[in-house]
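Inspection log for the structure reproduced underneath, given as structure tokens.
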There are 2 protein chains.
Amino acid sequence: MTTGARTVGGDRMAAICQGIRRAIIEGALLPGDRLPEDALGESFGVSRTIARHALGQLAAEGLVDLRRNRIATVTAPTPADARDIFDIRVALERQVVQHLAGHLSADQVAVLKDIVQQEHDARHGPDGASIRLATEFHIRLAEMTSKPILVRYVTEICYRAGLSLAALARPHSSECAISEHLALIDLIARGPADKAADMMAEHLEAVATRALLSGDRSRSRDLVNILQPYAKG
Amino acid sequence: MTTGARTVGGDRMAAICQGIRRAIIEGALLPGDRLPEDALGESFGVSRTIARHALGQLAAEGLVDLRRNRIATVTAPTPADARDIFDIRVALERQVVQHLAGHLSADQVAVLKDIVQQEHDARHGPDGASIRLATEFHIRLAEMTSKPILVRYVTEICYRAGLSLAALARPHSSECAISEHLALIDLIARGPADKAADMMAEHLEAVATRALLSGDRSRSRDLVNILQPYAKG
DNA sequence: GCGCTATAAAGTGTATGCACTTTTGCCATG
DNA sequence: CATGGCAAAAGTGCATACACTTTATAGCGC
């Protein structure tokens, strides 16, 4: 009983997973950060057994790196990984939009617009909140298909994309996403399915490009490149 | 040291997962079959801890159903699940083909043709072997992209598709797949990427349709229907 | 003979303990 | 002062133990 994360009746392991997932996409946990089982268990008020199991799940989702006899770490996606993740994400979210186009209820539109409103309110706040809300927008959209398997894959790939952004993107790159989300809602609600799917693809490409194109913070991990300018003297 | 599954240096948990995955796509394990932790651990020569962890992984992959305080069971996909799984599979394997078209080496073509040859040899053997080999064909193809994240998702969705087939398909529905695989190799090696991707989509659609359209073995779990012919006397 | 309940058996949820591995930090040595 | 190696500390890998939950069984009343 160290922290307030007591979800007593519920599943403690799921709580750990969700906590870490959230910390990751908000950028509170960065690639390479260590996740020792003891520390994890202690901060969530459970034994190492549960923490270990949770790490296994997160590793299966690609958010955590697990190597034998080594401390678990937050996965460090390469730019190539990020590219592949966004390609897959485009393919999956095209399907979401295809299934949804023309079938959004007024309630659903309201739910989506509410999230965008939150994004708007948070646009000058901490960087992590923006990424989290943008992610939530896409996940809620997927949930509206009522296709649990599709939801599962979209959710997973969204978290991986969020990690890639937190890891590789330059800060404040998510500004225009808000208006794009609004336009998406409109086109999904009214427009033809193919047009809407195309717009989703363009939106995701734009996010990936804005964030990953030139910012490329990953070089800062590469000692050779970092020190190259200094090696001449 | 009860069985021969000793993979000593390696990861015992991965061995359990792989064993169960294979048993599932070969149809040795059917949807609803129970997987108690003790029995599992005993048959693989490990403690319940490891077996439990393995079940967690398989649940994350959607092959196993895990409910609190209940014995784990092999997932029973509904026809709707199967439909969604194949939709996702089409989207992912299109990407595989897109990336691969025109870039297959002679060695890679040989590897693929060898698998098809094995499929040919096994076409009158046990039903499970055919599904396993067909699955292997698609997974190897994905591996040739050298995109680990794409490989991971394709592999997972292929296993889920295999489970759906074993669960829902009528027997001996995989005959034509062999010639289609050969044609696929050819078109991926030489043809334009879009054409090849379309062919992959058609191939997968055909597999799904042949297997799932009318066979619908799920009714056979329905006692009323099973016993109807016998209820008249 | 049939259904209901009490009780035992089987199974899961979780913590803890111990062996083994990796990491860390310190000290001796060149 | 830098460097190599060794010992303690930290951490993982795994099995076992025990409490609690579900499921199966057998006995009892009707």
Side-chain angles (χ1 to χ4, degrees), chain A residues 1-20 29 31-76 221 223 227, chain B residues 1-20 23 29 31-76 221 223:
Chain A
M1 197 181 288
T2 55
T3 71
R6 284 311 290 159
T7 71
V8 256
D11 195 338
R12 276 104 65 86
M13 196 200 72
I16 297 185
C17 287
Q18 201 48 46
I20 294 182
L29 283 172
D33 281 354
R34 298 174 167 225
L35 301 169
E37 296 171 359
D38 307 359
L40 222 59
E42 205 164 328
S43 69
F44 280 88
V46 299
S47 93
R48 209 159 62 81
T49 308
I50 314 287
R52 181 181 180 78
H53 208 79
L55 285 172
Q57 297 292 304
L58 293 166
E61 296 168 18
L63 297 181
V64 157
D65 241 43
L66 223 43
R67 286 161 50 197
R68 189 176 182 83
N69 283 319
R70 295 250 172 11
I71 301 176
T73 60
V74 176
T75 300
R221 296 279 181 191
L223 272 187
L227 298 181
Chain B
M1 196 182 288
T2 55
T3 71
R6 283 309 290 159
T7 69
V8 254
D11 194 339
R12 274 104 63 87
M13 197 200 72
I16 298 186
C17 286
Q18 201 49 45
I20 294 182
L29 283 173
D33 281 355
R34 298 174 168 226
L35 301 169
E37 295 171 359
D38 310 1
L40 222 58
E42 205 163 328
S43 68
F44 281 90
V46 300
S47 94
R48 206 160 64 81
T49 308
I50 314 287
R52 180 182 180 76
H53 208 80
L55 286 172
Q57 297 291 304
L58 294 167
E61 297 168 18
L63 297 181
V64 158
D65 240 45
L66 222 45
R67 286 162 50 198
R68 188 174 183 84
N69 282 319
R70 294 244 167 24
I71 300 177
T73 60
V74 177
T75 300
R221 296 281 180 190
L223 273 187

Passing candidate, side chain to side chain contact (heavy atoms under 4.5 Å, CB included) with A/His53, options A/Glu37, A/Met13, A/Arg48: A/Met13
Interatomic distance where CD1 belongs to A/Ile16 and P belongs to C/dT14 [whole Å]: 10 Å
B/Arg52 side-chain N/O to C/dG13 phosphate OP1/OP2 under 4.0 Å: yes
A/Ile50 CD1 - C/dT12 P separation (whole Å): 15 Å
Atom-to-atom span, CD of A/Glu37 to C1' of C/dT14 - whole angstrom: 15 Å
Interatomic spacing from CZ in B/Arg70 to CZ in B/Arg34 - rounded to 0.5 Å: 10.0 Å
Closest-nucleotide ordering on DNA chain C, the 5'-leading residue of B/Pro36 and A/Thr49: B/Pro36
Whole angstrom value for the distance that separates P of D/dA15 from CG of B/Leu40: 13 Å
d(CE, A/Met13; C1', C/dA15) in whole Å: 17 Å
Proximity to the side chain of B/Arg34 - top-ranked nucleotide from D/dA24, C/dT14, D/dG11: D/dA24
Any A/Leu29 side-chain heavy atom under 4.5 Å of A/Leu35 side chain: yes
Might you list the N or O atoms of the protein lying below 3.5 Å from N or O atoms in nucleotides 18-22 of chain C, with each pair's distance?
from, atom 1, to, atom 2, distance (Å)
C/dT21, O3', A/Asn69, ND2, 3.4

Residues that A/Ala51 engages under side chain to side chain contact (heavy atoms under 4.5 Å, CB included), provided they are two or more places apart: A/Leu40
Atom pair CG/CD of A/Leu55 and A/Gln57 - distance to nearest 0.5 Å: 10.0 Å
d(NE2, B/His53; P, D/dT16) in whole Å: 18 Å
Minimum heavy-atom distance between A/Leu66 and A/Ala59, given as atom pair plus value: CD2-CB, 3.8 Å
Where B/Ile16 and B/Ala54 come nearest, the two heavy atoms and their spacing: CG2-CB, 3.8 Å
First encountered from the 5' end of DNA chain D, between B/Ile71 and A/Leu35: A/Leu35
Estimated bend of the helix from C/dG1-D/dC30 to C/dG30-D/dC1 (axis per five terminal pairs, rounded to 10 degrees): 0°
Short side-chain N/O contact from B/Arg12 to OP1 or OP2 of D/dG13, under 4.0 Å: no
Pairwise side-chain contact, B/Leu63 with B/Ile20, heavy-atom cut-off 4.5 Å (strictly under): no
Atom pair distance, as rounded to whole Å: CG in A/Asp38 and C1' in C/dA15: 13 Å
Distance, rounded to the nearest Å, where B/Arg67 contributes CZ and C/dT12 contributes C1': 13 Å
Straight-line distance of B/Asp65 CG to B/Asp33 CG, nearest 0.5 Å: 12.5 Å
